[in-house]
Protein chains: 2
Amino acid sequence: MTTQREQRKQERHDQLVATARHLFAEKGVENTTIKDIAEAAGVAQGLLYHYFDSKEELLWAIVERYNPLPEMRAIFAGAEGRPVRDVLLQAATTAYALVSERQDIIRILLREGLTRPDFQERFRTLQQMAIAVGSGFLQRRIASGELRPHNTQASVRTFAGSIIAIYLSGASPDLIPDVIDNLLGGVAAPT
Amino acid sequence: MTTQREQRKQERHDQLVATARHLFAEKGVENTTIKDIAEAAGVAQGLLYHYFDSKEELLWAIVERYNPLPEMRAIFAGAEGRPVRDVLLQAATTAYALVSERQDIIRILLREGLTRPDFQERFRTLQQMAIAVGSGFLQRRIASGELRPHNTQASVRTFAGSIIAIYLSGASPDLIPDVIDNLLGGVAAPT
DNA sequence: CTCTGTTGGCTGAACGCTCATTCAATCACA
DNA sequence: TGTGATTGAATGAGCGTTCAGCCAACAGAG
């Protein structure tokens with residue numbers, strides 16, 4: 001049975017993690033004080049140390065909670081049998097949506113990943129997983145004859161890089177279909 | 001005439017900017033103390049305030065000095081008359097080399113750009129310039145008939161995104177030719 | 001060329017402030 | 001009544017910045 005206390009505890013925990021996530025993403029971890037978080041959450045500074053041993057542990061709680069790796073990994077799931085174009089389109093759209101939804105954690109991972117070795121590790125894992133999954137999919141479609149034989153290490157980076165560029169440049173996701181069509185058909189004039 | 005004093009002053013200035021650039025890139029601006037910079041440069045803390053009014057001004061001195069915008073802008077210069085593939089290949093290779101050389105400043109701009117509005121502005125300017133220049137080039141090649149008509153807002157992002165992805169994933173620049181060929185010829189199997 | 005006064009690069013200790021963290025006291029639920 | 005959530009003031013370390021003084025390089029006078 002869940003007593004009222006346990007439930008409140010859970011809610012508080014979630015509230016503090018969410019508040020900190022938002023502030024960390026907006027101002028950066030180092031520029032966000034415990035006081036900032038406490039004020040934004042409407043609690044006393046001391047309370048944060050009842051839930052987390054340190055600012056550092058709070059940061060890790062955020063990362064563990066919102067880490068987008070599982071969703072990224074599943075991005076090509078259920079692709080079998082469906083046409084390449086459909087799959088790529090859906091994967092790109094899903095990835096874009098995921099990155100948009102998880103703005104906060106992406107910003108935190110990116111920013112802290114530039115300096116903290118342990119975060120860098122996380123980031124690299126995410127990258128390598130994405131490259132492996134994407135490259136694997138493309139190779140299966142080469143084997144099936146839908147794609148011509150080519151260096152999938154190159155094409156998977158083009159695919160992922162395009163999505164990143166669209167997101168970073170603040171462009172509309174409406175560009176995604178055009179990106180896929182360019183990648184599949186090429187932009188050179190037919191000879 | 002340049003007195004010995006003036007020359008030393010210039011050298012010191014350069015040394016301090018370079019030392020700070022390296023440390024800022026490695027540990028982040030907020031995690032780098034004036035003491036760190038002074039020790040790494042082998043001078044007293046106070047000296048930094050003889051050359052720069054504040055840590056903030058030192059940061060801006062770095063940005064002004066190593067800003068890669070001019071080189072980026074010139075990346076498609078002298079393209080006229082040469083085949084698309086050659087131009088894209090050289091542009092991509094140059095861009096990759098530039099990003100590699102200027103690692104430090106890119107990291108600083110990226111990291112601080114995530115939180116400081118004025119840096120964000122710099123970053124956005126760099127981006128928009130790159131998109132405008134690249135898109136312009138591609139459109140001229142559509143007009144000349146070398147490329148088929150397509151959405152260059154999409155293809156320019158694919159082009160730039162591919163380079164970013166290669167750099168970020170730590171892959172070899174040897175992938176660049178494959179990326180260009182994929183983009184030009186497409187990866188779909190010929191019908 | 002030598003002496004002398006001045007300028008300015010350079011030092012490192014000191015200041016004041018902010019921050020993460022602690023802790024004794026209070027409050028509300030069980 | 002007891003346990004755990006919550007408070008907010010206190011602590012102490014670390015940081016950016018200041019400043020009074022030292023010394024080498026310079027300019028001008030003799």
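Throughout, protein chains are lettered first and strands after them, A, B, ... in sequence-line order, and every chain is numbered starting at 1. Here the structure is a predicted model, which means the values were calculated and not measured. The figures that follow rest on heavy atoms only: side chains count, while hydrogens, waters and symmetry mates do not.
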Salt bridge or not for A/Arg111 and A/Glu30, using N-O below 4.0 Å?
yes
For residues [X] and [Y], is any side-chain donor paired with an opposing acceptor at under 3.5 Å?
| X | Y | result |
| --- | --- | --- |
| B/Gln120 | B/Arg124 | no |
| B/Gln90 | B/Asp86 | no |
| B/Gln7 | B/Glu11 | yes |

Quickly work out the [X] [atom1] to [N] [atom2] distance and round it to whole Å.
| X | N | atom1 | atom2 | value |
| --- | --- | --- | --- | --- |
| B/Glu57 | D/dG16 | CD | P | 16 Å |
| A/Leu16 | D/dA5 | CG | P | 12 Å |
| A/His13 | D/dA5 | NE2 | P | 13 Å |
| A/Glu6 | C/dA30 | CD | C1' | 11 Å |
| B/Leu47 | D/dC22 | CG | P | 18 Å |
| B/Glu39 | C/dC10 | CD | P | 18 Å |
| A/Arg12 | C/dC29 | CZ | P | 12 Å |
| A/Glu11 | C/dC29 | CD | P | 13 Å |

Give A/Arg8 one of three labels, base, sugar-phosphate or nothing, depending on what nucleic acid heavy atoms sit under 4.0 Å from its own.
nothing
Check every strand shown and say whether B/Phe52 touches a base, only sugar-phosphate, or nothing at a heavy-atom separation below 4.0 Å.
nothing
I want to check one thing: is the phosphate of D/dG4, taken as OP1 and OP2, less than 4.0 Å away from some side-chain N or O of A/Lys9?
no
Taking the side chain as everything from C-beta on, heavy atoms only, tell me whether A/Arg65 gets closer than 4.5 Å to A/Asp14.
yes
Of the listed nucleotides ([options]), which one gets closest to any side-chain atom of [X]?
| X | options | answer |
| --- | --- | --- |
| A/Arg5 | D/dT7, C/dA30, C/dT11 | C/dA30 |
| A/His50 | C/dA28, D/dT6, C/dG12 | D/dT6 |
| A/Gln4 | C/dC10, C/dT7, C/dA30 | C/dA30 |

Contacts satisfying ring-ring contact (aromatic ring centres under 6.0 Å, His included) that involve residues 85-139 of chain B (not counting sequence neighbours) are B/Trp60-B/Phe119, B/Phe76-B/Phe137
In B/S/- notation, 5' to 3', how is nucleotides 17-22 of chain C contacted by protein heavy atoms closer than 4.0 Å?
--SSBB
At what distance, to the nearest 0.5 angstrom, does CD1 of B/Ile131 lie from OG of A/Ser169?
4.5 Å
